[in-house]
Amino acid sequence: MQDLTGKTVVVTGAAKGIGRAIAVAFAKEKCNIVVNYHSTEPKETIDLCEAEGVKVLALQGDVSDFNFAKDFINQAKKEFGSVDVLVNNAGITRDTLLLGMKENDFDDVINTNLKGTFNMIKFASKIMLKQKAGSIINMASVVGVTGNAGQANYAASKAGVIGLTKSVAKELASRGVTANAIAPGFIETDMTAVLTDEQKAEIFKGIPLARGGKPEEVAEATVFLAKHKYITGQVLNVDGGMVI
Ligand code: NAP
């Protein structure tokens, strides 16, 4: 396992939830942290990372904007001299059954979750290829494998993220760059806080470990993949056994 001390880690959508936990987990590994945020202020993320004694650069922007992705990645490199780990975490849901799904419900989710991931990889991989080292970790979802009623847009975006991850892994491997995906199941964040206790209880019945996961548990898996140099093109489920 490689030591991550002093490496530069870029995390999108890191103001809260899983993204914040990931930024903090890498700060504990003594990495330079570059966070992207959208509308939520990232103060708590910055404070928690700085408390670990590391430097933090925070930039606001929309991951679906190709030009923002270019500026964001280039600023990370300019500030810290390298881009060693890219975590594509930013994501949204616009859940509704297919019959009620509007065109923009589909487009917004694909643009943020899938195109946003492509945008960041496009620019970060250029730097990683030159470095002959790097780790790309994309946040997918178990529903990208199983599908889910009411989430045709979201499941399609996450299935796309898995296909993108596997393709990129094959393209970049010869230059020492790995690409993996994490497929969380039910994680306790704002994204799942909209569900009622009854809905959650129903979901937990389908989870062998019988509980939701914590953002920190996804973050631990992310750090593991960043440290490992002989795992690429894989999808690691962090789901309490929801999909076995
Ligand atoms: P969350 O608490 O809603 O956080 C999502 C983050 O993404 C927010 O910080 C949000 O920023 C940011 N974001 C949204 N649109 C963005 C954009 N266009 N550009 C940049 N940032 C943007 O959700 P979470 O549960 O932590 O989810 C994190 C990732 O895990 C997502 O990719 C999600 O699909 C995936 N995931 C979550 C679960 C789960 O059960 N929670 C399960 C499977 C997969 P703003 O709030 O400022 O817009």
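Atoms within a ligand are numbered from 1 in the order they appear, just like the ligands themselves. Below, all heavy atoms of this structure are taken into account, side chains as well, without hydrogens, waters or symmetry copies.
What sits closest to atom 5 (C) of ligand 1 on the protein, heavy atoms only, is G91 O, 3.7 Å. What sits closest to atom 6 (C) of ligand 1 on the protein, heavy atoms only, is G13 O, 3.6 Å. For atom 20 (C) of ligand 1, the nearest protein heavy atom (residue, atom name, distance) is N36 OD1, 3.3 Å. Looking from atom 25 (O) of ligand 1 to the surrounding protein, the closest heavy atom is T189 OG1, 2.5 Å. Distance from atom 42 (C) of ligand 1 to its nearest protein heavy atom, with residue and atom name: G185 O, 3.1 Å. Y154 OH, 2.6 Å is the protein heavy atom nearest to atom 34 (O) of ligand 1. Scanning the protein for heavy atoms near atom 48 (O) of ligand 1, the closest one is H38 ND1, 2.9 Å. Annotation: atom 4 (O) of ligand 1 to nearest protein heavy atom, K16 CE, 3.9 Å.
The distance from the CD1 atom of I137 to the CZ atom of F224 is 10.5 Å, given to the nearest 0.5 Å.
Within the listing of ligand 1, atoms 40 (O) sit less than 4.0 angstrom from a heavy atom of F186. Every atom of ligand 1 is numbered from 1 in the order shown, and the set under 4.0 Å from a heavy atom of S141 is 43 (C), 44 (C). Annotation for ligand 1: atoms under 4.0 Å from non-hydrogen atoms of S39 are 45 (P), 47 (O), 48 (O). Near D62, with a cut-off below 4.0 Å to any heavy atom, the atoms of ligand 1 are 17 (C), 18 (N), 19 (N). Near G61, with a cut-off below 4.0 Å to any heavy atom, the atoms of ligand 1 are 19 (N), 20 (C).
When only interatomic distances are considered, the shortest N/O to N/O separation between T192 and ligand 1 does not fall below 3.5 Å. Inclusion of V63 in the set of residues having an N or O under 3.5 Å from an N or O of ligand 1 is warranted. An N or O contact shorter than 3.5 Å links N89 to ligand 1 by distance. Taking only nitrogen or oxygen atoms, main chain and side chain alike, I187 reaches within less than 3.5 Å of ligand 1. Considering backbone and side-chain atoms alike, G17 places every N or O at 3.5 Å or more from each N or O of ligand 1. The shortest N/O to N/O separation between Y37 and ligand 1 does not fall below 3.5 Å.
Q2 places a side-chain N or O within donor-acceptor distance of the main-chain N or O of A226, the cut-off being under 3.5 Å. Distance alone, capped at 3.5 Å, places no donor-acceptor pair between the D84 side chain and the G134 backbone. Without hydrogens or angle criteria, D65 side chain to F68 main chain gives a donor-acceptor distance under 3.5 Å. Judged purely by atom type and a 3.5 angstrom limit, D105 has no side-chain atom pairing as donor or acceptor with the backbone of R94.
Put simply, the residue from V83, T8, L57 that forms a side-chain contact (heavy atoms from CB on, under 4.5 Å) with N32 is T8.
Partners of F80 under the ring-ring contact (aromatic ring centres under 6.0 Å, His included) rule, at least two apart in sequence or in another chain, do not exist in this structure. Listed by chain and residue number, I92, V109, Y154, S157, K158 satisfy the side-chain contact (heavy atoms from CB on, under 4.5 Å) test with N113 (two or more places apart in sequence, or in another chain).
When T40, V35, I92 are ranked by how near their heavy atoms come to atom 14 (C) of ligand 1, first place goes to I92.
The heavy-atom pair separating A140 from A181 by the smallest distance is CB-CB, 4.3 Å. Considering all non-hydrogen atoms of both residues, T112 and V63 come closest at O-CG2, 3.7 Å.
In this pair, F204 and F186 present their aromatic rings perpendicular. The plane angle is above 60°, beyond the 30 to 60° band.
Between K158 and ligand 1 there is a heavy-atom distance shorter than 4.0 Å.
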* To do: For the pair K55 and E79, evaluate salt bridge (Lys or Arg N to Asp or Glu O under 4.0 Å) and give the outcome as yes or no after the intermediate values.
  => CA-CA 10 Å; K55 292 187 189 139; E79 181 80 10; over 6 Å; no

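Residue-level proximity to ligand 1 for P215 is absent, since no heavy atom of it falls below 4.0 angstrom. When heavy-atom distances to ligand 1 are checked against a 4.0 Å cut-off, E188 has no atom that comes that close, whether in backbone or side chain.
Of the charged side-chain nitrogens involved, none lies within less than 4.0 Å of a carboxylate oxygen, so that E216 and K28 do not count as a salt-bridged pair.
Checking N138 against T117 by side-chain atom types alone, no donor-acceptor pair falls below 3.5 Å.
Shown here, atom 10 (C) of ligand 1 is out of close reach of the protein: none of its heavy atoms lies under 4.0 Å off.
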